[in-house]
Structures are given as C-alpha cells and as structure tokens.
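So the structure is just underneath, and the comments pick up after that.
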Amino acid sequence: MHNGFQPFYNENSEILILGSFPSIKSRENGFYYGNKQNRFWRMLERIFEEKIEDNIPSKKVFLTKHKIALYDVIIESDLKGSADSDLICSQHKIAEFEKLFPPFTKIQKILCNGKAAYNLFIANYKIKMPVLCMPSTSSANPRYDINVWTNAIKNA
C-alpha cells in the first residue's frame with residue numbers, strides 16, 4: 001500500500017482543494033502536485049499573479065498566505081500507476097475530513113481537482129458547503145480551463 005500526504009491546512013484556511021491520490025512523481029517529491037507536468041502550481045501563479053519557488057517550504061508559505069488547504073480523498077492505496085481511472089479498481093482507504101472543517105478552520109468551499117476526487121468525495125461525505133468539480137490540472141486533461149479555477153478561487 002502507498003500512503004498519501006497529511007492534509008496541509010491551518011485554522012485560517014478558507015478553500016480546500018482536494019485531489020484524488022498523489023501521483024508517483026508527487027510521492028517521490030514529497031508534496032502535493034509534485035509532477036512538473038501538472039498545471040497546478042503554474043495555475044496558482046497565474047491566478048494570484050505571484051511567483052512560487054519550486055520547493056516545498058515556498059509552496060507552503062504561498063498556500064498559507066492565500067488561505068488554501070490541500071488534501072486528497074484517498075489516503076492509502078495499492079494503486080500501481082498514477083491514473084485516476086485506476087483508483088476505482090484499487091484497494092484504498094478514504095480520508096477523514098472532520099478536522100478540516102469549521103470550527104477548526106474557516107473553510108467555506110471545496111474544490112475537487114477532477115472528477116475522480118469529486119465523485120469519491122460526494123460518495124463518502126455529505127456536507128453543507130459548496131463542493132465543486134473542477135477541471136483536473138493534470139497535463140493529461142484536454143478540458144482543463146484556468147478560467148473555471150480562477151472564478152472558483154477568486155469568488156470565495
């Protein structure tokens with residue numbers, strides 16, 4: 001079994017961005033969206049018009065500054081590759097989210113990075129806050145649209 005990452009958040013987090021499960025490259029690099037082909041960090045740079053240094057401490061400072069929390073719906077999986085489509089057939093363990101929501105944080109909405117994250121989350125949790133299915137930032141997704149992300153992040 002492969003382990004995912006601990007949630008990244010603090011008491012001031014307002015937006016939770018949920019992935020499905022870390023890719024092989026992300027697990028090798030030790031933090032969320034560690035595959036350089038993924039558009040995630042470049043997207044945030046464009047949305048906030050701010051450079052993010054390519055190291056984990058700088059990414060954490062950026063996320064904290066912009067009140068963004070990161071986590072994955074699955075925290076443990078026997079997934080062999082990195083494809084979300086393979087998650088359905090994998091053995092996996094769903095994350096627990098209670099400590100990420102008020103009164104522990106100020107999270108007001110959840111942005112699911114792709115359909116797999118969205119479908120897994122809504123199948124396992126019922127919550128009274130907006131949960132949006134965002135176009136995946138994966139380089140494999142031809143339907144990625146930064147405008148959808150910008151609107152969701154900027155219109156808190």
>> Between V131 and C112, is the side-chain contact (heavy atoms from CB on, under 4.5 Å) condition met? List the steps.
In response: CA-CA 7 Å; V131 179; C112 295; 3.9 Å; yes
> Do the ring planes of Y125 and F121 sit parallel (below 30°), tilted (30 to 60°) or perpendicular (above 60°)?
Replying inline: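 Y125 and F121: parallel rings.
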Can you tell me how far [atom2] of [Y] sits from [atom1] of [X], rounded to the nearest 0.5 angstrom?
X: L44; Y: I17; atom1: CG; atom2: CD1; value: 5.5 Å
X: D54; Y: W41; atom1: CG; atom2: CH2; value: 10.0 Å
X: L16; Y: L100; atom1: CG; atom2: CG; value: 6.0 Å
X: Y9; Y: T64; atom1: OH; atom2: OG1; value: 12.5 Å
X: K59; Y: L70; atom1: NZ; atom2: CG; value: 10.5 Å

Going by the rule side chain to side chain contact (heavy atoms under 4.5 Å, CB included), which residues pair with [X] if we only count those two or more places apart in sequence or in a different chain?
X: R46; answer: I146
X: K106; answer: N12, E14
X: I75; answer: Y71, K93, A95
X: Q37; answer: N35, S139

> Who are the salt bridge (charged side-chain N to carboxylate O under 4.0 Å, His left out) partners of K60, not counting sequence neighbours?
Replying inline: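 K60: no salt bridge (charged side-chain N to carboxylate O under 4.0 Å, His left out) contacts found.
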> Which residues satisfy the salt bridge (charged side-chain N to carboxylate O under 4.0 Å, His left out) test with E50, sequence neighbours excluded?
Replying inline: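 Salt bridge (charged side-chain N to carboxylate O under 4.0 Å, His left out) check on E50 returns K65.
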>> If the condition is ring-ring contact (aromatic ring centres under 6.0 Å, His included), which residues does F40 pass it with, not counting sequence neighbours?
In response: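 For F40, the residues satisfying ring-ring contact (aromatic ring centres under 6.0 Å, His included) (neighbours in sequence not counted) are Y33.
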[X]: what forms a side chain to side chain donor-acceptor pair (under 3.5 Å) with it, not counting sequence neighbours?
X: S58; value: N55
X: E96; value: none
X: T105; value: none
X: S13; value: none

> Do L63 and V61 share a hydrophobic cluster, counting only Ile, Leu, Val, Met, Phe, Trp and Tyr and linking them when any side-chain heavy atoms are less than 4.5 Å apart?
Replying inline: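 No, it is not one cluster - the side chains of L63 and V61 are not joined through contacts under 4.5 Å.
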Closest heavy-atom contact between [X] and [Y]?
X: S26; Y: G34; answer: OG-N, 2.7 Å
X: S20; Y: D72; answer: O-CB, 3.4 Å
X: A152; Y: M134; answer: CB-CE, 3.5 Å
X: F104; Y: E98; answer: CD1-O, 3.6 Å
X: K109; Y: I153; answer: NZ-N, 4.4 Å

>> Applying side-chain contact (heavy atoms from CB on, under 4.5 Å) to F97 and L18, what does each step give before you reach the verdict?
In response: CA-CA 11 Å; F97 292 92; L18 278 180; 3.4 Å; yes
>> Taking salt bridge (Lys or Arg N to Asp or Glu O under 4.0 Å) as the cut-off, I'd like each qualifying pair that reaches into residues 118-145, sequence neighbours left out, listed once.
In response: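 Salt bridge (Lys or Arg N to Asp or Glu O under 4.0 Å) check on residues 118-145 returns no pairs.
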>> Test side-chain contact (heavy atoms from CB on, under 4.5 Å) on L111 and I15; report intermediate values, then the result.
In response: CA-CA 7 Å; L111 306 180; I15 297 173; 3.8 Å; yes
> Side-chain contact, heavy-atom cut-off 4.5 Å: L120 with I74?
Replying inline: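 Touching, per the 4.5 Å side-chain cut-off.
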> Does the side chain of I107 reach to within under 4.5 Å of the side chain of M129, using non-hydrogen atoms?
Replying inline: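 Sidechains of M129 and I107: in contact.
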> Any donor and acceptor pair, going by atom type alone, linking the side chain of N141 with main-chain N or O of T137 inside 3.5 Å?
Replying inline: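 Flag not set: sc N141 to bb T137 has no pair under 3.5 Å.
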>> For a side-chain contact (heavy atoms from CB on, under 4.5 Å) check, start with the C-alpha distance between S136 and N113, then their side-chain angles and the critical distance, and finish with the verdict.
In response: CA-CA 5 Å; S136 172; N113 192 348; 4.0 Å; yes
>> Is it the case that the ring center of Y32 lies less than 6.0 angstrom away from the ring center of F5?
In response: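 Centroid separation for F5 and Y32: below 6.0 Å.
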>> For I47, run the side chain to side chain contact (heavy atoms under 4.5 Å, CB included) check against H66, K154, R42 and tell me which one passes.
In response: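 The option that passes is K154.
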